[in-house]
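In what follows, residues are counted from 1 in the order of the sequence shown. Only heavy atoms go into these numbers, but all of them, side chains included; no hydrogens, no water, no symmetry mates.
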Amino acid sequence: MKQAQKKQKLCGADGFDQYYRGIFGERWNALKTALQGESDYVEWNGGGAESYFLDAASVRAALSLPLANATRILDVCAAPGGKTLVLARAMKSDATLFANERSAGRRNRLLKVCDGCLPESVRTRVTVTCQDGAKMCRTQSEAFDAILLDAPCSSERHVLADPKYLAEWSPSRIKTLAAAQWALLSSAWRMLARGGYLLYATCALSSAENDDVVARLCKRFSDVQVCEPLIASDWHESVLPERKDLPTYEKTRLGAQILPDTAGGAGPLYFSLLKKA
């Protein structure tokens, strides 16, 4: 009975606040205020007719995926397309990028972003697909040299901004999402070639969707090597015309996290760089 009452209490706005205060302690007040404030959006110029605005933390994370030796690159959950543009701009001239999105509607948005924001010389090497990333491993085994998995997550910043979503919040959603994230990550790992790199990312705050999912991968597969997510690709002012720096991250058990209260509004974004030994 007491356990049922506790679960009932951890629902809605009050439950949301209690849950994340339990994770961040005294820091939660400042972090919550930052989450409700303005994001640190930057203009990404990929060389196409249009620019794209995305969170600076997303740029920082995507640039940590090593592409120097990658000729086949996969973005598993690519829509709306910001990180796809970063990868497309950073990849070698002989590389091919496969940008995948399960939702047909979101795939159409991804197509428009790629068409508008990439030069023709790069756009012809970007293939947009519409598949379930959790099932792609059934037909693609060790087929990609580098993979980005920006998995669907709790997205607490958006929850806080929407009273309807906040009122419906409960910890059970985190558990459901973590299961879906595991299905995507384990599939992506099977699609990664030997010696290749995988970047797992979410905009979630809880370790249940971040380090814990990566830890499950490490336990399941013996060839997982956790790497420090240094900036692996060259970038310069022509790509970010009004930006000369990118946000720094805080280390977690198995990755890194950029949080808006200490990163000038950027994030939240968790990312972990993994190599298949």
Side-chain angles (χ1 to χ4, degrees), residues 1-41 54-61 64 77 149-185 199-219 226 228-229 246-273:
M1 183 66 178
K2 289 183 178 180
Q3 187 176 3
Q5 290 175 341
K6 184 177 180 181
K7 286 184 177 181
Q8 186 177 7
K9 187 177 182 180
L10 283 178
C11 293
D14 291 340
F16 180 94
D17 197 67
Q18 183 178 341
Y19 181 87
Y20 289 102
R21 190 177 300 279
I23 296 175
F24 292 98
E26 295 181 0
R27 182 181 182 180
W28 175 239
N29 288 337
L31 179 54
K32 183 180 179 182
T33 298
L35 289 167
Q36 293 172 308
E38 293 186 5
S39 299
D40 181 17
Y41 283 109
L54 72 164
D55 194 296
S58 295
V59 177
R60 171 62 186 85
S64 66
C77 302
L149 171 57
D150 185 8
C153 67
S154 288
S155 188
E156 290 89 350
R157 189 161 205 159
H158 293 99
V159 172
L160 275 172
D162 191 314
K164 177 178 180 292
Y165 287 143
L166 186 58
E168 295 174 350
W169 180 90
S170 74
S172 63
R173 176 161 172 77
I174 294 174
K175 185 177 181 180
T176 300
L177 284 164
Q181 290 153 359
W182 164 248
L184 286 164
L185 182 56
L199 186 77
Y200 173 72
T202 82
C203 55
L205 295 174
S206 172
S207 63
E209 298 181 54
N210 298 330
D211 276 344
D212 292 357
V213 180
V214 175
R216 186 174 178 181
L217 188 78
C218 294
K219 184 177 180 180
V226 180
E228 185 176 357
L246 290 170
T248 57
Y249 62 79
E250 305 171 28
K251 288 186 177 181
T252 67
R253 181 163 47 99
L254 294 171
Q257 197 165 32
I258 297 173
L259 295 173
D261 60 326
T262 57
L269 196 77
Y270 168 88
F271 51 105
S272 178
L273 180 63

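Interatomic distance, L149 CG to F271 CZ, rounded to the nearest 0.5 Å: 14.5 Å. To the nearest 0.5 Å, atom CZ of residue R216 and atom CG of residue D211 are 15.0 Å apart. Note that CG of L259 and CZ of R27 are 4.5 Å apart. Values are rounded to the nearest 0.5 Å. Going from atom NZ of K251 over to atom CD of Q257 covers 15.0 Å, rounded to the nearest 0.5 Å. Taking NE2 of H158 as the reference point, atom SG of C153 lies at 9.0 Å (rounded to 0.5 Å). Between atom OG of residue S155 and atom CG of residue L205 there is a gap of 9.0 Å, rounded to the nearest 0.5 Å.
In summary, D212 and R253 engage in a salt bridge, as defined by a charged side-chain N under 4.0 Å from a carboxylate O.
Taking the side chain as every heavy atom from C-beta outward, Y270 and L254 approach each other to under 4.5 Å. Contact of the P260 side chain with the L31 side chain is registered, since non-hydrogen atoms from C-beta on lie closer than 4.5 Å. When side chains are defined from C-beta on, E156 counts as touching F16, because their heavy atoms get closer than 4.5 Å.
Across all their heavy atoms, A266 and A56 have their closest contact at CB-CB, 4.4 Å. The minimum heavy-atom distance between I174 and S154, with the atom names listed, is CG1-OG, 3.6 Å. In terms of heavy-atom proximity, I258 sits nearest to A263 at CG2-CB, 3.6 Å. The heavy-atom pair separating L199 from A61 by the smallest distance is CD2-O, 3.1 Å. For R60 against P229, the heavy-atom pair with the smallest separation is NH2-O, 2.7 Å. Taking both residues in full, the closest heavy atoms of D55 and G265 are given as OD2-O, 4.3 Å, listed atom of the first, atom of the second, then distance.
Formation of a donor-acceptor pair under 3.5 Å by the N210 side chain with backbone atoms of S206 is found in this model. Within the 3.5 Å criterion, the main-chain N or O of C77 finds no donor-acceptor partner in the side chain of D150.
Below 30°, between 30° and 60°, or above 60°: for Y20 and W28 the angle between ring planes is below 30°, a parallel geometry.
In this structure, N29 places its CG atom where more than 12 heavy-atom neighbours from other residues, nucleotides or ligands lie under 6.0 Å away. Heavy atoms from other residues, nucleotides or ligands lying under 6.0 Å from CZ of F24 number more than 12.
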Can you list the steps and then say if L217 with W182 is a side chain to side chain contact (heavy atoms under 4.5 Å, CB included)? CA-CA 8 Å; L217 188 78; W182 164 248; 3.9 Å; yes

The test is side chain to side chain contact (heavy atoms under 4.5 Å, CB included); show your working for K32 and D261 and say whether it passes. CA-CA 8 Å; K32 183 180 179 182; D261 60 326; over 6 Å; no

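Under 3.5 Å, the side chains of Q181 and T202 contain no donor-acceptor pair of N or O atoms.
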